[in-house]
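Accompanying notes for the structure given below.
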2 protein chains.
Amino acid sequence: MAKSNAPITEHLAYLLAQANREINRQLELRLSKEGVPVEQWRILKVLSDGDGHSMGELADAVLLNHPTLTKMIDRMVSDTLVYRLQDPNDRRKVLMFISDRGKVLCKKLNSLAVDQEEHILESYGDKSTSELKRLLENLIDSSN
Amino acid sequence: MAKSNAPITEHLAYLLAQANREINRQLELRLSKEGVPVEQWRILKVLSDGDGHSMGELADAVLLNHPTLTKMIDRMVSDTLVYRLQDPNDRRKVLMFISDRGKVLCKKLNSLAVDQEEHILESYGDKSTSELKRLLENLIDSSN
DNA sequence: TTGAAAATATTGAATATTCAACAATTGAAG
DNA sequence: CTTCAATTGTTGAATATTCAATATTTTCAA
């Protein structure tokens, strides 16, 4: 039974927030070399399968609310990293695609992100990392 | 060696963000019963040791930037949940204290938070939870 | 002791996010 | 068929966060 007088540092919600904050900050720092926020990297990465993704689908995948995504996509369209196309099968939907410029940028970003993963592997260990990933996946699955 | 063409769902940074988002959303939902954002619960919890905590110390502990904390504290002072006192030993510092009203609210929030932890324990399992906490603590430690 | 640098907290302007309302399209029941 | 509810995406206003600049106090070297 969890104790209500336990320090906040023992709460799973807090540990997740703290770890996320730290890792995200590191990633942000690397991606800032290309002047790109983490969310834009996620968007490019998801779209880099070349398929069209609807806004709703994309919002889920990149962990953003719909209006926030819409506005971020507006910027990325201005930067010609992605483009919109109406879904011919369901005209309510907008399908997002990555541009050639987006693909080039995505490659650079991927390698910066991989740098970070490797840095984590070094300091945190191979075994711990894969075990942590496994547990996080299970937690996410069990939360639906 | 991490692969740069791996899907985003295999990146530790993404899994952490996703898990954090989900768990935080659940907690947010419970705390909304008292109309309090998660960050305010953290603040109350940290201050509930009765000691005075400087703004910088508090910002670290509750995972907020300084200006964001200042403005949130302004609101909480208006709500008489906490109060400011100048540190007599270092007059640059402001020491934050929890009020009686804050303590009462904090108790209610604690029990809502414990509800959530117990819900996680049920669906995710005792063993996985403590193992995950351990790994997260190690990750945080290894990131400094 | 003095004066420059560091530490601490706050402020205001710029930026980003969220909430609620809206418009357009589709689905589905009668 | 027709109409009404549900789905999808965007917009504008309200709110929150962040960045850079500021004010105050302390520290420390000369």
Side-chain angles (χ1 to χ4, degrees), chain A residues 17-18 20-22 24-29 31-32 35-43 46-47 51-79 81-97, chain B residues 17-18 20-22 24-29 31-32 35-43 46-47 51-79 81-97:
Chain A
Q18 193 180 7
N20 177 53
R21 185 178 163 87
E22 182 57 38
N24 198 59
R25 196 202 310 273
Q26 289 174 16
L27 180 56
E28 200 170 47
L29 192 68
L31 298 188
S32 72
V36 175
V38 175
E39 291 79 11
Q40 291 199 12
W41 171 61
R42 288 196 200 128
I43 292 170
V46 168
L47 294 186
D51 300 343
H53 294 261
S54 75
M55 291 295 282
E57 201 184 325
L58 198 52
D60 280 353
V62 305
L63 315 176
L64 288 178
N65 298 339
H66 288 215
T68 306
L69 177 64
T70 291
K71 284 153 191 171
M72 184 159 283
I73 289 288
D74 285 347
R75 281 169 243 151
M76 295 176 77
V77 169
S78 298
D79 295 343
L81 296 172
V82 299
Y83 57 93
R84 284 183 239 246
L85 245 47
Q86 195 179 45
D87 185 339
N89 298 118
D90 184 341
R91 300 199 332 272
R92 286 171 303 182
K93 293 187 184 173
V94 168
L95 296 182
M96 297 304 313
F97 293 89
Chain B
Q18 193 181 7
N20 177 53
R21 185 178 162 88
E22 182 57 37
N24 198 60
R25 195 201 312 273
Q26 289 174 15
L27 181 56
E28 201 170 45
L29 191 68
L31 298 188
S32 72
V36 174
V38 175
E39 291 78 11
Q40 289 199 13
W41 171 61
R42 289 196 200 129
I43 292 170
V46 169
L47 295 186
D51 298 344
H53 293 262
S54 75
M55 291 295 282
E57 201 184 326
L58 198 52
D60 281 353
V62 304
L63 316 176
L64 288 178
N65 298 339
H66 287 215
T68 307
L69 178 64
T70 293
K71 285 153 190 172
M72 183 160 283
I73 288 288
D74 286 346
R75 283 168 243 151
M76 295 177 76
V77 169
S78 298
D79 296 342
L81 296 172
V82 300
Y83 57 93
R84 285 184 237 248
L85 243 48
Q86 195 179 44
D87 185 340
N89 296 118
D90 183 341
R91 300 200 332 274
R92 288 171 303 183
K93 294 186 184 173
V94 168
L95 297 181
M96 296 304 313
F97 293 89

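Computed from heavy atoms alone, side chains included, the values below leave out hydrogens, waters and symmetry copies. Below, chains carry the letters A, B, ... as their sequence lines are ordered, and counting in each starts from 1. Values in this document were obtained by computation on a predicted structure and should not be read as measured data.
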Under 3.5 Å, which N/O atoms of the protein pair with N/O atoms of nucleotides 4-7 of chain C?
{"unit_1": "dA7(C)", "atom_1": "O4'", "unit_2": "Arg92(B)", "atom_2": "NH1", "d": "3.3"}

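Between the side chain of Arg84(B) and the backbone N or O of Val94(B), no donor-acceptor pair lies under 3.5 Å. Between the side chain of Ser54(B) and the backbone N or O of Glu57(B), at least one donor-acceptor pair lies under 3.5 Å. Under the 3.5 Å distance criterion, the side-chain polar atoms of Thr68(A) are left unmatched by any main-chain donor or acceptor of Leu64(A).
Contacts between residues 64-77 of chain B and DNA chain C, defined by a heavy-atom separation under 4.0 Å, are made by His66(B), Pro67(B), Thr70(B), Lys71(B).
Residues Leu27(A) and Trp41(A) meet the side-chain proximity criterion, which asks for heavy atoms closer than 4.5 Å.
In terms of phosphate contacts, Ser54(A) brings no side-chain nitrogen or oxygen within less than 4.0 Å of OP1 or OP2 of dT8(D). Distances shown here put every side-chain N or O of Arg91(B) at or beyond 4.0 Å from the OP1 or OP2 atom of dT24(D).
Going from atom CD of Glu39(B) over to atom P of dT18(D) covers 10 Å, rounded to whole Å.
Between atom CD1 of residue Ile73(B) and atom CG of residue Asp79(B) there is a gap of 11.0 Å, rounded to the nearest 0.5 Å. Distance check: Glu28(A) CD to Gln26(A) CD gives 11.0 Å after rounding to the nearest 0.5 Å.
For the side-chain contact (heavy atoms from CB on, under 4.5 Å) with Val62(B), the qualifying choice from Gln40(B), Glu39(B), Met72(B), Arg42(B) is Arg42(B), the only one to do so.
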